[in-house]
Protein chains: 2
Amino acid sequence: MKELPKISEAEWEVMKILWSRSPQTANEVIEALEGQMDWKPKTVRTLISRLLQKNAIAFQETGRTYLYYPLVSQDDYVQTETQSFLKRLYGGAVKPLLVHFLREQKLSSDEISELKRILDEKTEEGPDRDRRKDR
Amino acid sequence: MKELPKISEAEWEVMKILWSRSPQTANEVIEALEGQMDWKPKTVRTLISRLLQKNAIAFQETGRTYLYYPLVSQDDYVQTETQSFLKRLYGGAVKPLLVHFLREQKLSSDEISELKRILDEKTEEGPDRDRRKDR
DNA sequence: TTTATTAGACTACACGCGTAATCCAAAAAT
DNA sequence: ATTTTTGGATTACGCGTGTAGTCTAATAAA
């Protein structure tokens, strides 16, 4: 039940960098974002500061510079965000979203096969398992 | 390629009311939200005004009051929002999200069956169809 | 050693959003 | 006819966010 700090869209970009590798200095983060985000270095530093305030990241001091690293896991985030997104747009129901995606999106045969496999697994040992051998 | 106006979270609640039935007067919308959102009537009116400015809704004048109705479809919205959400959190890849959901969420046996059926359909006539009878 | 650079801290500022309150003209009530 | 109510328009205000710039102390360069 950890309280995940709210991370804005711009801040998210910084987090992705730190999730992909850490710890990193501000300059490394700035460099990593270069060309992809078109932000001034100061802008990135502001985002880093805000993430610090929010306790989304922390740092180890090494001499005059800091080495930043995430305090929250990307997985936790994706999980939480997905949950609220789902609630907002689909009223919390997973199935409509899945149906939507399965229908609309282009999936390769391989992907379809994999999804089927996963569904099969769930049929085997899901929590909603009906104890009969259905099918 | 229509430019969908950005709708905030609070505004979304108003939109849902109007999508569910329209046209409606401000008071009807206010009433519909009552008990569920705990907003002062003025707050709802503000949201309505902002949606007007954004051209997300419009109205027909009838005497002294207005009858509001949506200018954008919920489907378009869900579609667009889902797309950007997907991009933000899953790097645009649908499969990871689907896998995530299929794994984490509790789906009933019935739902699982339905999803399988949909996948089967896709196997039959998908655009990526590999012409072999993959078993 | 004096000067220039740089990292991080602090400050800035406009816009969107949540959350209303005030103002005004018209309609309804008295 | 005068007063009250009410719908819509306008205004308010603090917080988060995007997007930086300035200030300061310390380090690096000259």
Side-chain angles (χ1 to χ4, degrees), chain A residues 3-18 23-69 77 80-81 84-85 87-88, chain B residues 3-18 22-69 77 80-81 84-85 88:
Chain A
E3 255 324 307
L4 295 193
K6 279 242 134 216
I7 293 175
S8 83
E9 206 145 327
E11 288 159 5
W12 180 265
E13 295 300 323
V14 172
M15 289 306 289
K16 280 199 292 191
I17 302 300
L18 290 175
Q24 290 189 70
T25 66
N27 277 334
E28 287 172 323
V29 173
I30 288 167
E31 209 174 315
L33 285 167
E34 209 140 89
Q36 148 185 15
M37 290 312 293
D38 193 41
W39 282 333
K40 296 278 152 39
K42 295 292 178 150
T43 300
V44 179
R45 278 171 190 283
T46 299
L47 295 174
I48 290 175
S49 298
R50 288 180 182 168
L51 287 168
L52 278 174
Q53 287 172 205
K54 296 181 180 190
N55 289 310
I57 65 179
F59 60 82
Q60 309 153 320
E61 217 164 337
T62 45
R64 66 174 190 312
T65 53
Y66 298 167
L67 283 172
Y68 301 92
Y69 58 90
Y77 251 93
T80 307
E81 291 290 297
S84 76
F85 164 79
K87 188 162 178 185
R88 206 163 84 77
Chain B
E3 256 323 308
L4 295 194
K6 280 244 133 216
I7 293 176
S8 83
E9 207 146 328
E11 288 158 5
W12 179 266
E13 296 300 323
V14 172
M15 291 305 289
K16 280 199 292 190
I17 301 300
L18 289 176
S22 67
Q24 289 188 70
T25 66
N27 278 334
E28 287 171 323
V29 173
I30 288 167
E31 209 174 316
L33 285 167
E34 208 141 272
Q36 147 185 15
M37 289 313 291
D38 193 40
W39 281 334
K40 296 277 153 36
K42 296 292 178 146
T43 300
V44 179
R45 278 171 189 282
T46 299
L47 295 173
I48 290 174
S49 299
R50 288 181 181 167
L51 287 168
L52 278 174
Q53 286 173 205
K54 297 180 180 191
N55 289 312
I57 65 178
F59 61 83
Q60 309 153 318
E61 217 163 336
T62 44
R64 69 178 186 308
T65 53
Y66 299 167
L67 282 173
Y68 301 93
Y69 58 89
Y77 250 93
T80 307
E81 290 290 296
S84 77
F85 164 80
R88 209 163 82 79

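Note that the coordinates shown come from a computational prediction; the quantities given were computed from them, not determined experimentally. The sequence lines fix the lettering, A, B, ..., with proteins before strands; numbering per chain opens at 1.
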**OP:** Kindly state which residues belonging to residues 29-40 of chain A come within less than 4.0 angstrom of DNA chain C, counting heavy atoms of the residue only, listed by number.
**Re:** none
Subject >> For DNA chain C, the residues among residues 44-61 of chain A that have a non-hydrogen atom under 4.0 Å from it >> reply: R45(A), R50(A)
**OP:** Measure the spacing between OG1 of T46(A) and NZ of K40(A) and express it to the nearest 0.5 Å.
**Re:** 12.5 Å
Original post:
Atom CD1 of I17(B) and atom CG of L47(B): how far apart are they, to the nearest 0.5 Å?
Top reply: 11.5 Å
Original post:
What residues form a side chain to side chain donor-acceptor pair (under 3.5 Å) with N27(A), not counting sequence neighbours?
Top reply: R45(A)
Subject >> side chain to side chain donor-acceptor pair (under 3.5 Å) involving R88(B) - partner list, sequence neighbours excluded >> reply: E81(A)
What is the minimum heavy-atom distance between [X] and [Y], and which atoms define it?
X	Y	value
Q24(A)	E28(A)	CA-OE1, 3.1 Å
P41(A)	I30(A)	O-CD1, 3.8 Å
S22(B)	Y68(B)	CB-O, 4.0 Å

**OP:** Starting from P on dT6(C), measure out to CG on N27(A) and report it in whole angstrom.
**Re:** 9 Å
**OP:** Go through the steps to decide whether Y66(A) and T25(A) satisfy the test side-chain contact (heavy atoms from CB on, under 4.5 Å), and finish with yes or no.
**Re:** CA-CA 6 Å; Y66(A) 298 167; T25(A) 66; over 6 Å; no
Please list every donor-acceptor pair under 3.5 Å in which a side-chain atom of residues 50-60 of chain B meets a protein atom from a residue at least two apart or in another chain.
from	atom 1	to	atom 2	distance (Å)
K54(B)	NZ	K6(B)	O	2.9
K54(B)	NZ	E11(B)	OE1	2.7
K54(B)	NZ	E11(B)	OE2	3.2

Original post:
How does protein reach along nucleotides 22-30 of chain C, written 5' to 3' as B (base within reach of a heavy atom under 4.0 Å), S (only sugar-phosphate), or - (no contact)?
Top reply: BB---S---
Original post:
What residues, two or more places apart in sequence or in another chain, satisfy ring pair (Phe, Tyr, Trp, His ring centres under 6.0 Å) together with W12(A)?
Top reply: W19(A)
Subject >> First of T65(B) and T43(A) reached from the 5' end of DNA chain D, by closest nucleotide >> reply: T65(B)
Subject >> Pairing residues for K16(A) by the salt bridge (Lys or Arg N to Asp or Glu O under 4.0 Å) criterion, not counting sequence neighbours >> reply: E13(A)
**OP:** Would you work out how much the helix from dT1(C)-dA30(D) to dT30(C)-dA1(D) bends between its ends, with each end axis defined by five base pairs, to 10 degrees?
**Re:** 20°
Subject >> Opening and closing nucleotides of DNA chain D in contact with chain B, under 4.0 Å to non-hydrogen atoms >> reply: dG7(D) to dA12(D)
Original post:
Does T65(B) have any side-chain contact (heavy atoms from CB on, under 4.5 Å) partners at least two apart in sequence or in another chain, and if so, which?
Top reply: T62(B)
